[in-house]
Amino acid sequence: MKTITVKASKTYDILIDTSLLDEAGSIIRKTSAGHTAAIVTDDIVATLYEKRLKDSLEKNGYRVVSFVFPHGESSKNTDTFLSLISFLAQEKLSRSDIVIALGGGVTGDITGFAASSYLRGCRFVQIPTTLLAAVDSSVGGKTAVNIPAGKNLIGSFYQPDVVLCDTSLLSTLPADVFKDGCAEVIKYGIIADYKIADRSLFESLAPTLLVQTPINTQLEEVIAKCVEIKRDIVMKDEFDNADRKLLNFGHTVGHAIESLSEYGISHGQAVAVGMVIESRAAVRLGLCKEQCLQDILQMLTLYGLPVSTTFKADEITRICLSDKKRDGKSLTMISPLEIGKCVLKEIPVNELENVIRLGLEEV
Ligand code: GLY
């Protein structure tokens, strides 16, 4: 088992192994003396894993209640959030009881936000079931729901008490959902130059592709490396004022593409295209060499991820300008200098459309 400790406003462990779901009750029992555990999950994950988690919690003395909502980004809204809060109140959860997010990014984000606001904060455990949640959304304490004005516009920073990443749960993911996580993994390889054995994370993704089954040590090592990168960034900048923005590489444009497609284009696919557009713009602005862009294009293509979009610069710009990453008269874009090294680049609002156009234009 790999254990990665995060020391932020709360200190907690991220455990990575192949059998954590069935051990969840005893692990959680060590972090909490509570009486009730509320499992929050979507309808698909519920059919696959809810019973195993419930059994494990009951064996360790918890009364278990479950809140199950329809899967998908469209559930990540204030209605689901309020229903969840009402459910916790109805079940009389106290601050020392535990709310457990069992699922992907949508489940983790909405459950974390509910845990942070119900009774002004109760105990919270993340059990990610997607690669994307394992390497990104379950770590670092960002919680949120969407509102009609934009994605993740309401939320909080609220660190979990423990994250249990059971890699065997990834084997049931639809291939496209697994690929979404691969886009985030590739992102980590571009923003940081951490090594696995003697290769950089980015290089180590090419010779042997990440696969869901059989769950192998390469996948576990890659997840652990991404989590270490995120942990180190979060420990330096928990509240997203500086370095943490590096984690948004590809996301400024990516979120706009997701939103323009009305979430028909998944987060990972949109981030893949966003990374290409932001990298090509960096090349055209003289920040980064063409070879770096070519390496990124090649890696994304190898993983079957999209590298272009039919949305236009003005459409993408309009959505970017309503993004919460906008800061007054400028917007922070993340630009690669080389593979393994990115910088924050402030783009004045009135230049954004031109920069995006540079990123879109293939020559
Ligand atoms: N997903 C980006 C962050 O956690 O900051």
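Just so you know, these numbers use all the heavy atoms, side chains as well, and skip hydrogens, waters and symmetry mates. Every number for a ligand or one of its atoms is a count from 1 in the order of the listing.
- Residue Leu247 approaches ligand 1 through these ligand atoms, each under 4.0 Å from one of its heavy atoms: 2 (C), 3 (C), 5 (O).
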Next on the checklist: For Asn152 and Asp109: C-alpha separation, side-chain torsions, deciding distance, then whether side chain to side chain contact (heavy atoms under 4.5 Å, CB included) applies.
Outcome noted: CA-CA 9 Å; Asn152 294 338; Asp109 280 8; 4.0 Å; yes
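- Ligand 1 has at least one atom lying under 4.0 Å from a heavy atom of Lys230.
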Return a table of donor-acceptor pairs under 3.5 angstrom between the side chains of residues 15-22 and protein atoms on other chains or two or more places apart.
unit_1	atom_1	unit_2	atom_2	d
Ser19	OG	Glu23	OE2	2.9
Asp22	OD1	Arg52	NE	3.0
Asp22	OD2	Arg52	NH2	3.0

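- The salt bridge (charged side-chain N to carboxylate O under 4.0 Å, His left out) search around Arg95 returns none, not counting sequence neighbours.
- Using a cutoff of 4.0 Å between basic side-chain nitrogens and carboxylate oxygens, Lys341 and Asp193 are not scored as salt-bridged.
- Between Asp240 and ligand 1 there is no heavy-atom distance shorter than 4.0 Å.
- Every N/O-N/O distance between Asn248 and ligand 1 stays at or above 3.5 Å.
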